[in-house]
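Reviewing the structure listed below.
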2 protein chains.
Amino acid sequence: MNDSRPIRAKSGTNHEGTSAHNRRVMIDALRINGALSRADLARATRLTKQTVSNIIEELERDGLVSSQEAVRRGRGQPSTPYGLVPEGAFAIGLQIDRHVTRAVAVNLVGSVLVRDEAGLPPGGPSNGTKVVLDLVAGVRSKLAGIVQQSEKRLVGLGAAMPGPFGVAGSGDDPWMMEAWQKFPLLETLTAGTGLDVGLQNDAAAAATAERMVGAAHGLDHAVCLFVGYGIGAGLILNGELYRGTNGNAGEIGMALLFADGKSTPLEHRASLASLYQHLSVDPADPHLHAHINDLALRGDQSIHAWVEAAAVDLRWSIHLIETLFDPQTVILCGSAPEALVNKLIAAIGPLLPSIAERRGRTLPRLQPGMADPWSVALGAAAGPISRAFDPRFAAILKDSLQS
Amino acid sequence: MNDSRPIRAKSGTNHEGTSAHNRRVMIDALRINGALSRADLARATRLTKQTVSNIIEELERDGLVSSQEAVRRGRGQPSTPYGLVPEGAFAIGLQIDRHVTRAVAVNLVGSVLVRDEAGLPPGGPSNGTKVVLDLVAGVRSKLAGIVQQSEKRLVGLGAAMPGPFGVAGSGDDPWMMEAWQKFPLLETLTAGTGLDVGLQNDAAAAATAERMVGAAHGLDHAVCLFVGYGIGAGLILNGELYRGTNGNAGEIGMALLFADGKSTPLEHRASLASLYQHLSVDPADPHLHAHINDLALRGDQSIHAWVEAAAVDLRWSIHLIETLFDPQTVILCGSAPEALVNKLIAAIGPLLPSIAERRGRTLPRLQPGMADPWSVALGAAAGPISRAFDPRFAAILKDSLQS
DNA sequence: CTCATTAAGTCAAGTGTCTTGACTTATTAC
DNA sequence: GTAATAAGTCAAGACACTTGACTTAATGAG
């Protein structure tokens with residue numbers, strides 16, 4: 001009672017933690033490799049055949065995996081491969097952007113089953129909360145109409161919006177969605193849906209999506225450079241999304257570039273916001289995405305000029321990412337129109353020499369990722385799926401075991 | 001046999017993994033909080049009193065913890081605190097630098113018991129290997145002379161040298177120790193000492209040291225900006241050193257700065273190498289360290305000019321680190337003379353506005369760390385200690401369990 | 001065609017580690 | 001002096017992985 005400073009310690013673990021981890025490892029292996037037999041799983045995970053059998057049996061009972069037709073592979077008893085059941089789990093993903101909000105429902109393997117969007121009225125959360133909650137409710141009930149028992153298998157709601165979170169805010173920056181960023185979104189969504197809610201910035205969501213179904217599938221170290229209205233980096237480190245102390249890791253858009261004696265955030269030079277300014281168009285125009293795509297396809301000169309300028313900064317960004325994170329690969333993705341992303345990738349090459357240039361590379365240094373207005377919502381939905389099923393240190397610890 | 005593509009999967013775990021983790025959690029808690037009673041440990045780790053008792057008993061048998069005098073804390077039976085036994089384990093740390101090699105022996109709590117250094121002859125590993133092995137052998141036998149049974153409690157040898165590792169090499173860069181970097185140092189040291197050997201770059205080693213006994217003690221997210229002959233960042237992410245795909249994460253010295261229309265690596269502008277060039281002194285001079293310290297203390301004009309210039313770049317680096325890693329704190333350390341580091345810290349402030357500027361901060365954004373020629377060797381030694389005793393995801397997995 | 005070989009998968013007992021709940025010990029508060 | 005409180009132990013129990021023998025089902029060699 002006297003000198004009771006709080007004691008800091010990591011949580012211990014027990015049998016349940018072990019079991020939870022092993023279940024996740026199985027699911028992860030099936031996700032990465034496709035269907036595998038129990039014997040394959042035992043070899044790959046270093047567990048015994050018996051243990052694998054028990055866990056697979058349990059996963060099958062839970063409707064997460066199912067057996068496929070036996071395959072003969074030479075001598076010996078044929079093996080029975082088990083694969084993930086797509087309908088084994090669902091999650092809702094929600095993207096809150098400047099002028100629009102999007103929601104999707106995805107299944108265990110990351111297929112989008114339902115998608116819907118709505119315009120966001122000006123005025124921030126006070127006007128937008130209802131729109132957002134209605135959108136989520138709509139997607140949720142459509143999902144329930146498509147698949148039976150979806151509610152029982154709904155692992156959570158993932159939200160994504162531009163970062164950074166919880167920062168004092170520079171006030172004068174018209175590109176910050178400060179009202180939403182300050183708003184207790186997590187609490188509101190939890191109260192409004194009754195679901196387990198998570199929140200990431202949009203670059204992190206894009207990275208989560210790439211890891212589940214895209215170019216980072218099965219990789220342990222990958223960075224997604226996300227070009228959207230702003231620009232950010234989603235970090236997959238040691239096989240998990242890295243969030244930093246306050247969920248703001250990877251906010252590369254705020255990195256400062258020096259030119260002409262003054263410093264400018266990367267975001268002001270290479271992002272859709274900078275493109276819109278360059279083109280003097282209205283960011284709120286709902287047809288803007290298609291319009292820009294058209295311009296890019298047509299080889300518009302103004303677009304070209306912006307691409308060339310942005311490519312210089314992106315080339316530098318990729319070099320910086322390689323230098324600081326030493327990833328297996330860098331993935332360029334965005335909510336930008338696909339034609340624009342393609343032009344950017346073409347303009348970025350060749351990359352600057354870096355420590356990523358080494359003999360024996362198997363992956364390209366830079367890969368294209370998803371460039372789809374829905375990829376952030378997909379990534380948002382991938383968050384809860386990943387939290388529930390991917391192997392993670394935190395999932396082993398006693399203080400995170402649920403039932 | 002037919003389509004046997006390798007199956008990728010994470011390793012499963014079992015009872016031993018659980019037990020190993022819980023042991024590590026106890027040791028970690030005692031390291032962070034000092035001596036704790038079993039009841040304290042049970043509450044902090046969420047394990048039961050009984051489990052804690054068993055583990056503590058085992059750790060005591062192994063000579064890693066010992067009981068202290070009972071303390072009365074109000075009503076109830078007095079508690080018996082247990083603390084780490086410094087002599088419970090030892091490790092050797094080895095630093096290989098441009099002109100010198102240093103070795104230290106440290107104990108479980110990071111106290112340096114033996115230190116020794118030797119000049120490195122030119123010619124790289126072919127001439128230097130024997131010097132290095134002799135130095136390690138000398139420190140090892142001196143340790144054996146000071147403490148009994150030290151060999152049995154020696155958990156490994158940690159080596160540190162400037163990175164990057166395994167890179168093609170730009171050939172024309174006189175600041176790269178390419179011969180050593182290409183040399184199979186790990187294998188040579190393993191063969192030459194029979195110990196478990198680890199290798200990190202010097203910034204990573206500095207971070208490891210700061211985490212064990214310095215400003216990053218007990219922190220889960222901290223970045224050490226290391227100013228030495230080169231400049232690098234040691235990354236503590238999620239409570240562990242982050243190495244990246246090839247052990248090259250954090251090589252911020254290679255980040256490119258644009259000025260006057262051309263790009264320059266940070267390392268060429270803010271590092272001891274740049275200072276030596278600025279002062280036109282011989283980097284191989286053994287008295288250089290003391291000399292520079294003197295100059296700094298005396299307020300030398302040439303030093304001052306370099307400090308002012310370097311501070312601009314370091315301020316930018318710190319902003320970049322905060323932006324990309326979102327750490328709890330940034331620690332400035334180095335093998336630079338302490339007076340110089342102090343001048344740098346003074347010149348760096350005030351920091352640039354960043355996402356690290358938030359209400360409710362408890363730690364300063366920038367803290368001074370160790371500035372001691374021996375800190376890299378200490379960090380190198382801290383590597384094996386950390387690998388052996390700190391809670392880590394990898395330590396739970398079956399494929400890393402030894403006996 | 002037969003049978004040894006190979007490999008997948010099951011069975012049942014065994015083991016290790018954490019958990020549970022009652023109990024003992026030691027101190028303070030009233 | 002006694003009740004309350006907290007640390008720590010004891011012994012049985014539960015859980016999840018392991019072990020080794022066994023069953024099943026295919027191939028390949030003679």
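Quick note: numbers below take in every heavy atom, side chains included, and nothing from hydrogens, waters or symmetry partners. Computed from a prediction, not measured in an experiment: that's the story for all the values here. Proteins come first, then strands; the chains are lettered A, B, ... in the order of their sequence lines, and each starts at number 1.
Here A/Ser53 reaches the OP1 or OP2 of C/dT10: one of its side-chain N or O atoms lies under 4.0 Å away. Side-chain nitrogen and oxygen atoms of B/Arg73 include none within less than 4.0 Å of the OP1 or OP2 phosphate oxygen of D/dT5. Contact annotation: A/Arg72 side-chain N/O to C/dA8 OP1/OP2 distance is not under 4.0 Å.
Note: CZ (A/Arg43) to C1' (C/dA7) measures 8 Å, nearest angstrom. Atom C1' of nucleotide D/dA7 and atom CD of B/Gln68 are separated by 16 Å, given to the nearest angstrom. Per the geometry, CZ belonging to A/Arg38 stands 19 Å off P belonging to C/dA7, to the nearest Å. Regarding B/Leu41, its CG atom lies at a distance of 12 Å from the P atom of D/dA7, rounded to whole Å.
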Subject >> nucleotides 13-20 of chain D: protein proximity per nucleotide (B base, S sugar-phosphate only, - neither; heavy atom, under 4.0 Å) >> reply: -BBBSBB-
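Using a distance-only test at 3.5 Å, with no hydrogens or angles considered, a donor-acceptor pair links the side chain of A/Thr245 to the main chain of B/Gln328.
Within residues 76-84 of chain A, the residues that place at least one heavy atom under 4.0 Å from DNA chain C are, in residue-number order, A/Gly76, A/Gln77, A/Pro78, A/Ser79, A/Thr80.
For the pairing with B/Thr208, the side-chain hydrogen bond (donor to acceptor under 3.5 Å, both in side chains) check across B/Arg387, B/Gln200, B/Glu240 returns one residue only, B/Gln200.
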For nucleotides 28-30 of chain D, print each protein N/O atom paired with a nucleotide N/O atom at under 3.5 Å, atom names and distance only.
from   : atom 1 : to      : atom 2 : distance (Å)
D/dG28 : O4'    : A/Arg75 : NH2    : 2.7

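Side-chain contact between A/Val109 and A/Val213 is absent, with no heavy atoms from C-beta onward closer than 4.5 Å.
Between B/His21 and B/Phe393, the ring center distance fails the sub-6.0 Å criterion.
Residues A/Glu58 and A/Arg23 are paired through a salt bridge, judged by an N-O separation under 4.0 Å between the basic side chain and the carboxylate.
A donor-acceptor contact under 3.5 angstrom links the side chains of B/Thr18 and A/Thr18, judged on distance only.
Surrounding CD of A/Glu187 are more than 12 heavy atoms belonging to other residues, nucleotides or ligands, all under 6.0 Å away.
With sequence neighbours left out, the side-chain contact (heavy atoms from CB on, under 4.5 Å) criterion links B/Asn14 to B/Glu16, B/Lys398, B/Leu401. Shown here are the salt bridge (Lys or Arg N to Asp or Glu O under 4.0 Å) partners of A/Arg8, two or more places apart in sequence or in another chain: there are none.
Aromatic ring orientation, B/Phe325 versus A/Phe325: tilted (interplanar angle from 30° to 60°).
Applying the side chain to side chain donor-acceptor pair (under 3.5 Å) test to every pair with at least one member in residues 25-38 of chain B, sequence neighbours left out, gives these pairs: B/Ser37-B/Asp40, B/Arg38-B/Ser53, B/Arg38-B/Tyr82.
Among the protein residues, B/Arg23 comes within range of no part of the nucleic acid, since none of its heavy atoms lies under 4.0 Å from any strand.
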